[in-house]
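Counting convention: from 1, in listed order, for ligands and their atoms alike.
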Amino acid sequence: MEITKDIKYVGVNDHKIDLFEGQYEVPNGMAYNSYVILDEKIAVMDTVDLAFKDEWFSNLKKVLGDKKPDYLLVHHMEPDHSANIADFIKSYPEAKIVSSEKAFAIMKNFFKTDFKENQVVVGEGDKLNLGKHELTFITAPMVHWPEVVVSYDSTDKILFSADGFGKFGALDVEEDWACEARRYYFGIVGKYGGQVQKLLSKASGLDIRIICPLHGPVLTENLEYYLDLYNKWSSYTPEEEGVLIAYTSVYGNTKKAVFELEKVLKEKGVKKVVVTDLARSDIAENVEDAFRYSKLVLATTTYNGEIFPFMREFIHELAERNYSNRKVAFIENGSWMPMAKKVMLKMLENSKNIEYCENSVKILSSISDENIEEINNLADELL
Ligand code: FEO
């Protein structure tokens, strides 16, 4: 695949993977992107996952022919991109590895060598001239690991953005970009919005025409759309007006209240209401939706003097990712001593700028007439 006249794609599609990074479902697989710049000097941008070593070397050889690469640029040391560094150096011992100081320290942990003979350390603003193409390095700590650098090719106006602007899904499957990019973003870097904002601010000074991430498609058109979404996500700004009702239910009583609330909200004209059973759905999808919409209703049972485990895990994932700037309401259930609302509030105590609804629903085992009134009041407040 040709990105520009001098820049070729040598990445791979992974349809064998069960869980990305050992936890994320990827029904449409995963792409590990890698690129080659063919200039007076030849630069290879990152490697791929270990399981695709042979395919990657074969792709590389097709593009290189008899030529030898001068540089391997390592933007990120996570093994889905870096696993083949040692084998690359075995094949091309003369090549230099260009990366950040922290990356070489991590390389030593993974490979038991930091490739002293091949090292070129780069930091903020450093440049690498390949002939016609000149790359400028921009540090991007915690997007997604501390050693990350991105690079900008001022000739073809390309940002090599590492994990930034990546998504789940292999490149040979057609699917909506935003859905799987959002799930990827909040799962992988949702905690590091501040650092993503810093990177966006540095990138705003560049004339970017193409974004080449390490996962997902190369972005060539309508870049404003992607940049705008990244700005919203990383500033924890809701992307859409809407209500997510996330619930757990043991015997169906909490669930009844949830569906009653959904019905009333829709009757009152709320256009976007999404309901999810936390025990029976993908948690990463639920986390994504919590950040997507402006309002969140948490409905759960008191359990072991605490809350139901799936809800505890869900709120933990939100709090860990700096869930903020939203309206939140509670539906709690308990047969003798309802504790759920208190526990949920405590779990969100460090979340900033949360407006808690004054109305909440307290179910004692099963729904009462009073609960129906509480649901109506809550729906009015959520409007
Ligand atoms: Fe795609 Fe953070 O590695």
Taking atom types as modelled and ignoring hydrogens, do the side chains of Thr254 and Asn333 form a donor-acceptor contact shorter than 3.5 angstrom?
->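 Yes, because at least one side-chain N or O of Thr254 sits under 3.5 Å from a partner of the opposite role on Asn333.
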Would you check if there is a donor-acceptor pair between the side chains of Ser151 and His75 at a distance under 3.5 Å?
->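 A donor-acceptor contact under 3.5 Å links the two side chains.
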Give a yes or no on whether the ring-centroid distance for Phe165 and His215 is below 6.0 angstrom.
->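 No: the rings miss the under 6.0 Å criterion.
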Report yes or no: does Glu124 contribute a side-chain atom to a donor-acceptor pair with the main-chain N or O of Thr139 at less than 3.5 Å?
->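 Yes.
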Any side-chain heavy-atom pair of Leu348 and Ile354 under 4.5 Å =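 Not in contact.
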Closest His215 atom to atom 1 (Fe) of ligand 1 [N, O or S only] = NE2
Taking a hydrophobic cluster as the set of Ile, Leu, Val, Met, Phe, Trp and Tyr residues connected by side-chain heavy atoms closer than 4.5 Å, whether directly or through intermediates, do Phe137 and Leu200 fall within one such cluster?
-> no
Report the protein N/O/S neighbours of atom 2 (Fe) of ligand 1 that fall below 2.8 Å; do not count waters.
-> His76 NE2, Glu78 OE1, His144 ND1, Asp163 OD2
